[in-house]
Amino acid sequence: MENTRVPVALGERSYDVVIGERLMDALIASARVLKPTSIFLVTDSNVGLLHADFVRNAIVANHVFTVPAGENSKSLRVLEGLFDDVFATRKLDRQSLVVALGGGVVGDLAGFLAATLLRGVRCIHVPTSLLAMVDSSVGGKTAINHQTGKNLIGAFHQPVGVFCDLHFLETLPAREYVSAIAEIVKTAAIGDADLLAYLETNTDALLRRNPDVLRHVLARCISFKASVVAEDEMESGRRATLNLGHTLAHVIEAALPEEFLHGEAVAIGLVAALRLSVAHAGLDAVQARRVGDLLARFGLPVEVPAGLTTDRLLEIMASDKKRAGDVIRFIVTPEIGRASVLPCGLDGNLAASLLGRT
Ligand code: GLY
């Protein structure tokens, strides 16, 4: 089957997201056109074991850097180690290319490395997780964490190409695969009502990782994200709506760091955001229940964990990037397929709505 190409239209910085199986030929062709003087492949200890040699041989990467798998690698310390390794090769120049092979952590870290080396060298993303394919590899957000919070040090740096090879998803652990489906349901809720119906009909096939269903879902999600990014690259407006469900998700991740994967926290956050949408944005309660039921059918959590108290919720939300004074900007859906911003007072009423404990 032909590869699917989704353009991200950003003038001179436009690029394609290629979706297909066995994409190495497309990756080689793209690397040839770019004529890099050197290629730095960044991967992690899990993905590297499975796929680094394959990709390294395909694109003749000069240097492979493997960081430990896990969120802790999005740190200044690991980034500094990468800078040391890159400079030690003495092969870095403005025509160098960074290739990020891995999930969201590798994409964010290697993307930020590319954004900052010599004030910016080119980067190709080869996402290997479903979450990275549907969300983080597209749109140019790169970042590392600081002890104060997640993604607080970063830059917008668009890649020159993204290659989503479905073959990588075959080896993804089930829990990680399923958790990413929350971002897919989010896309349907904010921008694609037809996708929601498609997910309802194809729940089992998506869980079985059916390639045709995956290809369709990836193309829909990436096309939608590409259209949002093309309109608002730097998140001064519409791009913020991609954060539906993410405010509570970040609270859950901060309060209970070991308990939930990002996508699982997003699933809980989505249900809370829809509760808020019913109460304050006119969303039909039947539609909100439809989304919650779908998330549950995928095996995702939908209840706010009992251990999260109102005080802790308000305390963590007070340091949210979207807060201005006592007001926090929430993303809501007045109807499935549409999103808007709802400024909310940071108080007990908001906490009760979010926690569903009114
Ligand atoms: N993950 C949301 C965005 O890229 O804007």
Side-chain angles (χ1 to χ4, degrees), residues 6-10 13-17 71 74 100 102-112 114-115 123 125 127 129-145 149-162 164 176 179-192 195 217-254 260-270 273 320-322 328-333 338-341:
V6 180
V8 183
L10 289 165
R13 290 171 299 109
S14 298
Y15 56 95
D16 279 352
V17 181
E71 187 73 22
K74 278 177 61 173
V105 167
V106 167
D108 281 4
L109 174 70
F112 189 55
C123 181
H125 285 290
S129 72
L130 184 57
L131 192 79
M133 289 184 192
V134 291
D135 188 31
S136 58
S137 68
V138 180
K141 276 190 181 175
T142 75
I144 56 169
N145 302 330
K150 272 181 75 164
N151 297 332
L152 292 184
I153 304 168
F156 287 97
H157 185 65
Q158 298 295 340
V160 292
V162 181
C164 300
E176 198 182 331
S179 77
I181 296 176
E183 294 282 1
I184 296 171
V185 174
K186 174 207 78 180
T187 300
I190 58 176
D192 192 340
L195 178 60
V217 166
L218 283 177
R220 295 298 285 236
C221 289
I222 294 167
S223 300
F224 175 71
K225 181 156 184 186
S227 70
V228 174
V229 169
E231 186 184 314
D232 175 26
E233 183 183 4
M234 304 292 182
E235 199 170 313
S236 50
R238 187 178 173 210
R239 187 166 180 168
T241 62
L242 297 177
N243 296 326
L244 181 79
H246 282 62
T247 302
L248 183 62
H250 289 153
V251 171
I252 292 170
E253 288 176 279
F260 296 97
L261 299 181
H262 175 67
E264 293 167 342
V266 168
I268 298 169
L270 279 179
D320 193 288
K321 288 198 281 287
K322 295 177 290 302
I328 188 156
R329 289 158 59 81
F330 259 86
I331 310 304
V332 287
T333 49
R338 202 155 64 79
S340 57
V341 177

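Ligands are counted one by one from 1 in listed order, and the atoms in each one are counted from 1 as well.
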Q. Under 6.0 Å from the CZ atom of Arg329, do we count more than 12 heavy atoms belonging to anything else shown?
A. no
Nitrogen or oxygen contacts under 3.5 Å, ligand 1 side and protein side:
unit_1, atom_1, unit_2, atom_2, d
ligand 1, 1 (N), Asp135, OD1, 3.2
ligand 1, 1 (N), Asp135, OD2, 3.1
ligand 1, 4 (O), Lys225, NZ, 2.6
ligand 1, 4 (O), Arg239, NH2, 2.8
ligand 1, 5 (O), Lys141, NZ, 3.0
ligand 1, 5 (O), Arg239, NE, 2.7
ligand 1, 5 (O), Arg239, NH2, 3.3

Q. If you take all heavy atoms of Ser137 and Pro127, which pair is closest and at what distance?
A. OG-CG, 3.7 Å
Q. What residues form a salt bridge (Lys or Arg N to Asp or Glu O under 4.0 Å) with Arg338, not counting sequence neighbours?
A. Glu335
Q: State whether a side-chain donor-acceptor pair under 3.5 Å links His262 with Glu71.
A: no
Q: Ignoring hydrogens and angles, state whether a donor on the side chain of Thr247 or Asn243 is under 3.5 Å from an acceptor on the partner side chain.
A: no
Q: Might you point out which heavy atoms bring Gln158 and Val229 nearest each other, and give the distance in Å?
A: NE2-CG1, 4.1 Å
